[in-house]
Protein chains: 2
Amino acid sequence: MIERERKVRTQHVALPRPARAPRRRPRRMTAPARPRLLGEVRRAKILAWLREEGSARVRALADAFAVSEVTVRQDLEKLEAEGHIVREHGGAFLKSVPQQVRALALQHHENMDEKRRIGRAAAALVGDGETIILDSGSTTTEVAAALIGRRDMTVVTNALNIALMLGAEPGFEVHMPGGHFKAPTLSLSGDRSADYFRGLFAKTLFLATAAIDVEAGLTYPALSDIAVKRAMIAAADRVCLVADASKIALRSFTALGGLDLVHMLITDDRIRDADRAAIEAAGVEVIVA
Amino acid sequence: MIERERKVRTQHVALPRPARAPRRRPRRMTAPARPRLLGEVRRAKILAWLREEGSARVRALADAFAVSEVTVRQDLEKLEAEGHIVREHGGAFLKSVPQQVRALALQHHENMDEKRRIGRAAAALVGDGETIILDSGSTTTEVAAALIGRRDMTVVTNALNIALMLGAEPGFEVHMPGGHFKAPTLSLSGDRSADYFRGLFAKTLFLATAAIDVEAGLTYPALSDIAVKRAMIAAADRVCLVADASKIALRSFTALGGLDLVHMLITDDRIRDADRAAIEAAGVEVIVA
DNA sequence: AAGCAAAATCGAAAATAATCGAAATTGCGA
DNA sequence: TCGCAATTTCGATTATTTTCGATTTTGCTT
């Protein structure tokens with residue numbers, strides 16, 4: 001064990017330096033705009049850590065990246081200035097409006113683990129800078145949560161909780177259709193909602209559903225949602241259904257339409273082989289998260 | 001009196017696990033099993049605990065997070081000040097959902113007492129069964145809070161927090177215009193918001209403002225709100241401005257129009273006599289809450 | 001009800017930990 | 001070698017948490 005003596009001046013020569021390779025960098029004719037990007041890399045990693053953990057302590061970060069706590073503090077200061085994080089005495093954390101808002105959606109706390117996986121898989125289909133439409137629902141809320149950290153996204157959603165979650169994030173533009181507010185789903189619906197989507201185009205729609213059935217197609221408990229969902233489908237290039245496996249081979253009250261309306265389904269691994277085969281036979285790409 | 005073992009400070013100095021980075025760890029004899037949580041994170045976890053259990057005792061929280069009971073109390077005090085919980089002798093419990101949503105309106109926790117009085121006075125102008133329009137803002141949020149308990153109300157609002165508050169109440173129909181979501185005010189704005197009000201009529205509009213001035217009229221910090229507010233005004237029979245006295249005789253960035261747009265102003269008793277006289281001379285009925 | 005003891009809270013000083021400012025040091029490229 | 005900018009060091013400052021005694025509340029017994 002190395003004795004931690006503070007007065008030794010030449011201590012640094014013995015320090016382990018895992019990051020730096022002794023290889024010489026080839027000389028460049030054009031000087032790069034940023035001579036040092038090591039700092040940027042570290043900051044990006046700190047941000048990644050924060051997105052994973054939610055918060056970080058200055059000392060832990062200093063240890064992890066083998067830099068002084070002062071440097072970490074400067075990094076955090078920069079990240080804070082960019083609006084990504086909030087700094088506090090012992091470290092920093094992400095603005096967790098999302099956490100708070102996620103708890104707002106009262107019902108449907110079942111299958112959360114599957115829904116989270118589906119959300120991550122769905123988010124992987126979206127690239128930075130795209131425009132997407134997010135339906136309301138607990139699964140689509142998880143899609144929204146998984147999108148946090150993206151840049152230059154434009155999101156259109158009829159779900160108030162999703163708007164609140166993403167609207168506070170830097171790099172997100174959030175738009176909502178108007179309509180009649182329904183408390184159980186925290187969503188807007190009605191004819192006026194549908195009108196909003198006229199003349200609007202998005203790359204991908206993540207659609208929620210109450211029940212999927214090969215014969216009945218997509219069915220919903222309430223009539224009023226149907227118009228909005230039709231309008232959303234019409235406005236999107238690609239329709240991606242997100243639904244956990246418990247909804248497959250069920251029927252609800254009113255039908256939106258057949259499976260030919262959607263291009264892909266993201267679900268979890270509890271889907272039965274027979275169902276999967278039938279859905280794929282209907283021309284829908286099935287992704288198991 | 002039971003002596004609890006709290007003062008055990010110096011236990012084993014040498015941990016069996018060899019430290020990966022022997023960089024520098026200046027005198028830390030007492031290594032807590034888990035690094036202490038960030039204050040904000042701890043408060044978030046307390047909130048999560050409360051959402052799970054419904055209530056919590058100070059002693060249990062102190063044990064769970066390995067902090068003193070005083071610290072827990074301070075945390076609870078903070079959470080109470082933010083409007084999330086209600087504190088009582090042995091611990092704390094969660095507020096009702098509408099009350100929590102009220103706390104969502106992030107900024108402007110100033111002059112809350114005046115705003116609450118203004119809200120109550122404004123609500124007194126509204127009868128059961130009427131249709132009203134509620135602008136976004138902290139004062140209009142108080143109007144909404146004061147309306148809770150009414151029957152057969154129809155409310156049109158561009159404020160997400162108001163929609164969430166009232167939408168869950170029985171006896172309330174809530175509609176929202178579409179538009180671009182702005183996080184600081186939790187509101188929707190833009191041209192599409194304005195379009196929504198076309199062909200819509202309401203008895204009373206409760207309008208918020210950033211600044212009132214007899215000469216400059218009503219002024220706002222952002223241009224994008226103006227269109228929505230104009231449309232709201234056009235859709236309402238009676239326009240009722242709600243603003244605490246600190247906003248009187250100020251000017252903001254862009255003008256909506258003169259005081260002739262509004263029929264009444266509800267404010268608090270800090271309004272100066274001269275201002276009141278000037279506003280009344282402009283044809284606006286002034287109500288002091 | 002009234003009284004009493006245990007438990008919980010409050011206020012403020014003390015202890016601990018983290019931050020800030022500014023000078024000194026280092027790494028890297030010209 | 002120099003220069004620049006990122007990083008570190010160190011003392012002073014600031015924020016947070018704990019300690020401790022006084023006070024209030026609660027729960028129980030009479």
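We name chains A, B, ... by the order of the sequence lines, and we start the count at 1 in each one. Below, all heavy atoms of this structure are taken into account, side chains as well, without hydrogens, waters or symmetry copies.
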Give a yes/no on whether any side-chain N or O of B:Arg42 is located under 4.0 angstrom from OP1 or OP2 of D:dT17. yes
Would you say B:Arg120's side chain and B:Ala289's backbone share a donor-acceptor pair under 3.5 angstrom? no
Does A:Glu77 reach a base, just sugar-phosphate, or nothing at all? Heavy atoms under 4.0 Å. nothing
Start with the C-alpha distance between B:Arg43 and A:Glu88, add both sets of side-chain angles, then the distance that settles salt bridge (charged side-chain N to carboxylate O under 4.0 Å, His left out), and finish with yes or no. CA-CA 13 Å; B:Arg43 280 181 283 273; A:Glu88 186 197 352; 3.7 Å; yes
Which listed nucleotide (D:dT7, C:dA8, C:dA18) is nearest to the side chain of A:Gln74? D:dT7
Taking CZ from A:Phe65 and P from D:dT8, how many angstroms apart are they, rounded to a whole number? 13 Å
OP1 or OP2 of C:dA7 versus the side-chain N and O atoms of B:Arg59: is any pair under 4.0 Å? no
Under 4.0 Å: is that the gap between some side-chain N or O of A:Ser68 and OP1 or OP2 of D:dT8? yes
Does D:dT16 have its OP1 or OP2 closer than 4.0 Å to a side-chain nitrogen or oxygen of B:Arg43? no
Those residues that, when tested against A:Glu173, pass side chain to side chain contact (heavy atoms under 4.5 Å, CB included) (two or more places apart): A:Thr154, A:His175, B:His180
Taking the basic N atoms (NZ, or NE/NH1/NH2) and the acidic carboxylate oxygens, is any pair closer than 4.0 Å for A:Arg73 and A:Glu69? yes
Which of D:dT19, C:dA8, D:dC10 is nearest the side chain of B:Val70? It is D:dT19
What's the CZ-P distance between A:Arg87 and D:dA15, to the nearest Å? 13 Å
Comparing nearest nucleotides in DNA chain D, the 5'-proximal residue of the pair B:Gly39, A:Thr71 is A:Thr71
Quick one: is C:dA8 close enough that its OP1 or OP2 comes under 4.0 Å of any side-chain N or O from B:Arg73? no
